[in-house]
Number of protein chains: 2
Amino acid sequence: MARSAHTAPGTAGTTPASDAGEAGSGGLRERKKRATRQALQQAAVRLFREHGPGAVTVEDICAGADVSPRTFFNYFTSKEEVLVPWDRDTIDSTSTRVLERPPEEEPLEVARAVLGEAIGTAMNGPTWRDQAVVLRHHPELIEKIVTSFRTLEASLAEGFAARLGRTTEDVYVRLLSATTITTLRVSVQSWQDSESDESLRHYLDETFERLRQGLRPNELG
Amino acid sequence: MARSAHTAPGTAGTTPASDAGEAGSGGLRERKKRATRQALQQAAVRLFREHGPGAVTVEDICAGADVSPRTFFNYFTSKEEVLVPWDRDTIDSTSTRVLERPPEEEPLEVARAVLGEAIGTAMNGPTWRDQAVVLRHHPELIEKIVTSFRTLEASLAEGFAARLGRTTEDVYVRLLSATTITTLRVSVQSWQDSESDESLRHYLDETFERLRQGLRPNELG
DNA sequence: CAGATCGGTGCAGCGACTGCAAAAATGCAA
DNA sequence: TTGCATTTTTGCAGTCGCTGCACCGATCTG
């Protein structure tokens, strides 16, 4: 979510001098918070996968994670938010990653690279596989987490605005950000639906190449 | 909504031999249903605009439309669905409109024409202006009606699949449908946000031209 | 160890949304 | 007009997502 309504126990200040690493850094509180969040997410995704999201209540999830139902909403603003594949760090770093790409690189190429990284990071998360299964079997849920796509889009737009010397309200910046995020969505979905074992990379390459050619119906498949 | 969960009093069978016109055609039932639906929508949009969507309950809306609260959900599946700018007819006809475009026309051009018609129809609706105001002041609500964009996208995809001799699962068909819907969204939003009195048509032309050029950062603005 | 801070919890409540079955409105034909 | 079938409206009761608030206990800081 863009700006969460809660005090959002997790997000206030990043740990001081935190190595961008992964180990159990930070104080005891930090670690416990991470543990709680992860427990909730894993319990939720597992239950979603087993019984279908509609049949799982927040109460069930919290029972599975061994916390109070009230606590769930200290971490997620909605039941379905546990399915969001990228975390705040990924989203925030997106705008700077756009800036760090080689200056001569074309915008489309920048987007492909940066979004490729983002989804790659997501795929390394502990719940990616289950999240993907759930979303594939219940495509309606994608609508519920569309907000997370928009925050990524916004971060991307920030990066492009800075990179191109324009504003985030600029039509070209908006169009670029919005269509490439959409392209990411299409790529992931096509990849998930495919029986073949083509890599996601393959789909990303195809879709972005199509975009680059102005969506003309030409040669390939 | 794609398939509404309800018996959906409105949608079962279109009036037999209904002229695609607009007058109060059909039997008494048909007319009353249309009236009820419109009363609900107008009351809702007006209240949303006056007090903000968060401060308006379904009960309020139904009081304004003089029907039982239960009835609201016979017509809309969620409170926010009253903000959807296109109706079922528009969505359904989209796929055939795609097929009816001149055969030599390029896909992008087809999309621009068909979506331009769709949004044009929407703008002629009695609640368009207020809907636009509400959505402009409360962009979060767009997420709530994203499903309606997806149904339009699906209809578009059907048309392109037929037109191009491919399937709706084809990556190119998906990409084409998804990105052009996104482009429509960007155009409308930019148009709404602009102070100038450029026509929506102007924004549609610019964004689709950008798309056609492979989203390259060139000359213009 | 004392006080400040912060996450976890219970509670009480609002409001969206649903299924069900009775009631009212409408359509149709005798 | 009357009777019957069909469709829409309504009330009711209930589930569940989600929130504000106030309290408690764990953690941190000095």
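Below, chains carry the letters A, B, ... as their sequence lines are ordered, and counting in each starts from 1.
For the pair Asn74(B) CG and dG19(C) P, the interatomic distance rounds to 11 Å; values are reported in whole Å. If you measure from atom CG of Asp60(A) to atom P of dC18(D), you get 14 Å, rounded to the nearest angstrom. Atom-to-atom, NZ of Lys144(A) to C1' of dC16(D) comes out at 12 Å; the value is rounded to the nearest Å. Atom CZ of Arg37(B) is separated from atom P of dT9(D) by 12 Å (rounded to the nearest Å). Here dT8(D) presents its P atom at 15 Å from CZ of Phe76(B), a figure rounded to the nearest Å. Rounded to an integer number of Å, the gap from Arg31(B) CZ to dT7(D) C1' is 16 Å. Protein atom CZ of Phe48(A) is 12 Å distant from nucleotide atom C1' of dG17(D), rounded to whole Å. For the pair Phe72(A) CZ and dT19(D) C1', the computed distance is 14 Å after rounding to whole Å.
When each of Asp66(A) and Glu80(B) is assigned the nucleotide of DNA chain C bearing its nearest heavy atom, the one mapping closer to the 5' terminus is Asp66(A).
Remark: Thr71(A) is not in phosphate contact with dG7(C), judged by side-chain N or O atoms under 4.0 Å from OP1 or OP2. At dT9(D), one or more side-chain N or O atoms of Tyr75(B) fall inside 4.0 Å of OP1 or OP2 (strictly under the cut-off).
Listed candidates were dT19(D), dC17(C), dT9(C). Nearest to the side chain of Phe73(A) is dT19(D). Among the nucleotides dT9(D), dT19(D), dT18(C), the one closest to the side chain of Thr36(B) is dT9(D).
Here the side chains of Tyr75(A) and Gln41(A) are not in contact, with every heavy-atom distance at 4.5 Å or above. By the 4.5 Å heavy-atom criterion applied to side chains, Phe208(A) and Thr183(A) are counted as neighbours. Two residues are said to be in side-chain contact when any heavy atoms from C-beta on lie closer than 4.5 Å; Arg112(B) and Arg201(B) meet this criterion.
Other residues, nucleotides and ligands contribute more than 12 heavy atoms inside 6.0 Å of the CZ atom of Arg136(B). Summarising the local packing, CD of Glu59(B) is surrounded by 12 or fewer heavy atoms from other residues, nucleotides or ligands at distances under 6.0 Å.
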Show, in sequence, the C-alpha distance, side-chain angles and deciding distance for Thr182(B) and Thr182(A), and conclude whether the side-chain hydrogen bond (donor to acceptor under 3.5 Å, both in side chains) test is met. CA-CA 7 Å; Thr182(B) 296; Thr182(A) 296; 2.7 Å; yes
Test side-chain hydrogen bond (donor to acceptor under 3.5 Å, both in side chains) on Thr90(A) and Asp87(A) and set out the steps. CA-CA 5 Å; Thr90(A) 301; Asp87(A) 55 20; 2.8 Å; yes
All N/O contacts under 3.5 Å from nucleotides 1-3 of chain C to the protein, with atom names and distances to one decimal?
none

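Ionic pairing of Arg174(A) and Asp193(B) is present here: one or more N-O contacts between side-chain nitrogen and carboxylate oxygen are shorter than 4.0 angstrom.
Between Phe149(B) and Trp86(B), the ring-plane angle classifies as perpendicular under the 30° and 60° cut-offs.
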Treating primed atoms plus P, OP1 and OP2 as sugar-phosphate and everything else as base, which nucleotides of nucleotides 23-30 of chain D get B, S or - for protein heavy atoms under 4.0 Å? ---BBS--
Take nucleotides 10-15 of chain C nucleotide by nucleotide from the 5' end and write B, S or -, depending on whether a protein heavy atom sits under 4.0 Å from the base, only from the sugar-phosphate, or from neither. BB---S
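Ser194(A) and Tyr203(A) share a donor-acceptor pair across their side chains, judged by distance under 3.5 Å alone. Side-chain contact of Thr121(B) with Asn124(B): a donor-acceptor pair under 3.5 Å is absent, judged by distance alone. Judged purely by distance below 3.5 Å, without hydrogens or angles, the side chains of Ser187(A) and Thr207(A) pair a donor atom with an acceptor atom.
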